[in-house]
Amino acid sequence: MRDLAHSADALSRDLLDWYDVHARAMPWRVAPADRAQGVIPDPYRIWLSEVMLQQTTVAAVKDYFERFTRRWPTVTDLAAAQDADVMGEWAGLGYYARARNLLKCARVISTERDGRFPDSYEELIGLPGIGPYTAAAVAAIAFDRPETVLDGNVERVMARLHDEHAPLPGVKPILKAHAAALTPQHRPGDYAQAVMDLGATICTPKSPACGICPWRAPCRARTEGTAADLPRKTPKKPKPTRHGIVYIARSECGDWLLERRPDKGLLGGMLGWPGTDWEAAPSEAAPFDADWTPAPAEVRHTFTHFHLILQIRTATLPAGFVTEANQELLRRHDFRPSDLPTVMRKAYDLVRDTLC
DNA sequence: TAAGCGTGGGG
DNA sequence: TCCCCAAGCTT
């Protein structure tokens, strides 16, 4: 790989100068001015925010972060929480394995490390839910270690800065090397956040604002006019459409019949309505015999790798109904629709007025 | 290693 | 409407 015309020191300095002025305020972030005054970030809040931010936008995370930290102010508080409460608070944020691993990790930190987070990449990586990105991010942001973060933003910024045309994910090691070469020993925590802010606000996927970029001078893709086309990616597979049926039942006194989904797989560990598997063609699988009423509308929902069309049936639960091991009968005041993953809440929203 | 794993917003 | 994408991890 060729070196840039500008030194790594000059680049990191220019970016930190830009960050000092343009750093976005976030609930978990210590502003650069406060950091300069000696304010230290709370590793628990940095870790929690980074896990929430995996494949998730800042806008989507903010409210969840506020609710989590209000309810569980420390990692020890979180470790002591009920599984169902944590899954319920995570509902709607997606990628639910994150919530299960979050709780596992909190319990390891709480019981095996006296509630204190490790401060190095090597000790962080491999904790439940902490991979290469999150380990580097926590080490850099919470502990100001000179680790290199490589997320989608940094990949894009590096691909453009060096005009790398080879497609992701194959080119990732090259981009990581480019990023590592720029990581400074001075203020590495602020620098890590600065590169990501740059990618999120200036070096955006479409129509990047090259004219106001602190790296406009050294950027090769800007010179070549290729910025908007980078990084290249290998084409994605088309999403198939699957079908299913959910069965929403209430007892005479208003209790709701729900199921706790198995930990592994789609929506693992989350609450949901009893229903069929989701496959190419639906087949009935009612949780009990009844005169099930088809709902007039159906749920359309898209997951990471397939589209789903979900029919809904409703019925009244027979008196004396006995729940299976994975089922729960939730009293009207104990049932919070916000505890449901979005696809299940959509089904609820379509029938709630006819059942309440 | 490539596939599985959510959701909401923007162009 | 549809596709892309977002501070990735696990198996």
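In this text, all values refer to a predicted model and were calculated from it rather than measured experimentally. Numbers restart at 1 for each chain; the letters A, B, ... are given by sequence-line order, proteins then strands.
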Peer 1: Please tell me if A/R345 has a side-chain N or O lying less than 4.0 Å from either OP1 or OP2 of B/dT7.
Peer 2: no
Peer 1: Take atom CZ of A/R98 and atom P of B/dG4, then tell me their distance rounded to the nearest Å.
Peer 2: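 It is 19 Å, rounded to the nearest whole Å.
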Peer 1: Pick base, sugar-phosphate or nothing for A/R24, based on heavy-atom distances below 4.0 Å to the nucleic acid.
Peer 2: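 The residue A/R24 makes base contact.
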Peer 1: I need the residues from residues 119-144 of chain A with at least one non-hydrogen atom less than 4.0 Å from DNA chain C; give them sorted by number, or say none.
Peer 2: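 Correct list: A/L127, A/P128, A/G129, A/I130, A/G131, A/P132, A/Y133, A/T134.
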Peer 1: Consider the side chain of A/D151, meaning its heavy atoms from C-beta on, and name the nucleotide among C/dC5, C/dG8, B/dA3 that approaches it most closely.
Peer 2: C/dG8
Peer 1: Between B/dC5, C/dC5, B/dT7, which one does the side chain of A/P341 approach most closely?
Peer 2: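 It is B/dT7.
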Peer 1: Check the phosphate of C/dA6 against A/T56, side-chain N and O only, distance under 4.0 Å to OP1 or OP2. Yes or no?
Peer 2: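 No, outside the criterion.
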Peer 1: Taking only heavy atoms on the protein side, list every residue of residues 302-313 of chain A lying under 4.0 Å from any atom of DNA chain B, sorted numerically.
Peer 2: A/T302, A/F303, A/T304, A/H305
Peer 1: Once salt bridge (charged side-chain N to carboxylate O under 4.0 Å, His left out) is applied, do any residues pair with A/R67, and if so which ones, sequence neighbours excluded?
Peer 2: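 A/R67: salt bridge (charged side-chain N to carboxylate O under 4.0 Å, His left out) contacts with A/E89.
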Peer 1: What's the closest nucleotide to the A/Q54 side chain, out of B/dG6, C/dC9, B/dT7?
Peer 2: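 The closest nucleotide is C/dC9.
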Peer 1: Please walk me through it: do A/R187 and A/D190 pass salt bridge (charged side-chain N to carboxylate O under 4.0 Å, His left out)?
Peer 2: CA-CA 5 Å; A/R187 299 178 63 189; A/D190 280 343; 2.9 Å; yes
Peer 1: Would A/E259 and A/R261 pass as an ion pair if we require N to O under 4.0 Å?
Peer 2: no
Peer 1: Hey, could you give me each pair passing ring pair (Phe, Tyr, Trp, His ring centres under 6.0 Å) that has a residue in residues 232-273 of chain A? Not counting sequence neighbours.
Peer 2: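 Passing the test, one end in residues 232-273 of chain A: A/Y247-A/W292, A/W256-A/W273, A/W256-A/F335, A/W256-A/Y348, A/W273-A/F335.
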Peer 1: Round to a whole Å and report the spacing from NZ of A/K237 to C1' of C/dC4.
Peer 2: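 Atom-to-atom, A/K237 to C/dC4, this comes out as 19 Å.
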Peer 1: Using heavy atoms and a sub-4.0 Å distance, could you list which residues of residues 179-191 of chain A are near DNA chain C? By number, please.
Peer 2: none
Peer 1: Whole-Å distance between B/dG4 P and A/K236 NZ?
Peer 2: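 My rounded result for the distance is 14 Å.
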Peer 1: Give me, pair by pair, the N or O atoms of the protein and of nucleotides 9-11 of chain B that are less than 3.5 Å apart, along with how far apart they are.
Peer 2:
none

